[in-house]
Amino acid sequence: KQEVTQIPAALSVPEGENLVLNCSFTDSAIYNLQWFRQDPGKGLTSLLLIQSSQREQTSGRLNASLDKSSGRSTLYIAASQPGDSATYLCAAQEYGNKLVFGAGTILRVKS
Amino acid sequence: DVKVTQSSRYLVKRTGEKVFLECVQDMDHENMFWYRQDPGLGLRLIYFSYDVKMKEKGDIPEGYSVSREKKERFSLILESASTNQTSMYLCASSPLPPQQSGNTIYFGEGSWLTVV
């Protein structure tokens, strides 16, 4: 059974820092890996999707990488801003569009 | 824009009550999902559906059932609510059939359910 782990569970950084969020998964037979953002009391917003044949995806200040063989993905946030404060979730997509989620990383960017 | 609407944002129900959580999507998506989210546990899949009148169990289906009579609507039913079902419930939809991959999934805003 697929298990997804995110490290760290929480992170507090000053504005402007570059930071890395980590995600690991136990079964490398995934279709893709997605990163989501969740603001308090809200639903999830998709940030980046990396297909299994890809190594990375970029969107603005966000860059996500995928290493299927080692079961790891990282989300890199450049020049962090207070507006980046949220919970970040990674999810491994299995057959049938089923997503297995990690518990998330709570990010706080201090101004 | 794709919209997934959960009609009830906040509910308080008594133990033993039957509870209906409704979800509607407006993009003709085949796939719909119900997750629950609890602190420290992330999102866990309760049920999903690939088509009208079709449903499959997720990882934690016990105590829940679902209904999909129309393509745009997917309902989660708690037959007899219990306090351990207090949680945030998230509905989602996606546009692909199960054989394909590479597309994303759209979530509703969530329904906060408290069972007392």
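Side-chain atoms are counted along with the backbone in the values below, which use heavy atoms only and exclude waters and symmetry mates. Convention: sequence-line order gives letters A, B, ...; per-chain numbering from 1. The model shown is predicted, which means the values in this text are computed figures rather than measured ones.
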For chain A, find its close neighbours in residues 78-92 of chain B: heavy-atom separation under 4.5 Å, sorted by number, or none.
B/Met88, B/Leu90
What are the residues of residues 36-47 of chain B, in order of number, with any heavy atom under 4.5 angstrom from a heavy atom of chain A?
B/Gln37, B/Gly40, B/Leu41, B/Gly42, B/Leu43, B/Leu45
Side-chain heavy atoms nearer than 4.5 Å, only ILVMFWY residues, links allowed to pass through others: does that put [X] and [Y] together?
X	Y	value
B/Trp34	B/Val24	no
A/Tyr88	A/Leu44	no
B/Phe74	B/Tyr50	no
B/Leu113	B/Leu76	yes
B/Tyr35	B/Val66	no

With a 4.5 angstrom heavy-atom cut-off, which part of A/Gln38 approaches chain B: side chain, backbone, both or neither?
side chain
Between A/Lys98 and B/Phe48, which heavy-atom pair has the shortest distance, and what is it?
CD-CZ, 3.5 Å
For atom [atom1] of [X], is the number of surrounding heavy atoms from other residues, nucleotides or ligands below 6.0 Å larger than 12?
X	atom1	answer
A/Arg55	CZ	no
A/Glu3	CD	no
A/Arg61	CZ	yes

Kindly compute the distance separating [atom1] ([X]) from [atom2] ([Y]), expressed to the nearest 0.5 Å.
X	Y	atom1	atom2	result
B/Phe107	A/Leu99	CZ	CG	6.0 Å
A/Gln93	B/Ser94	CD	OG	7.5 Å
A/Gln34	B/Ile105	CD	CD1	7.0 Å

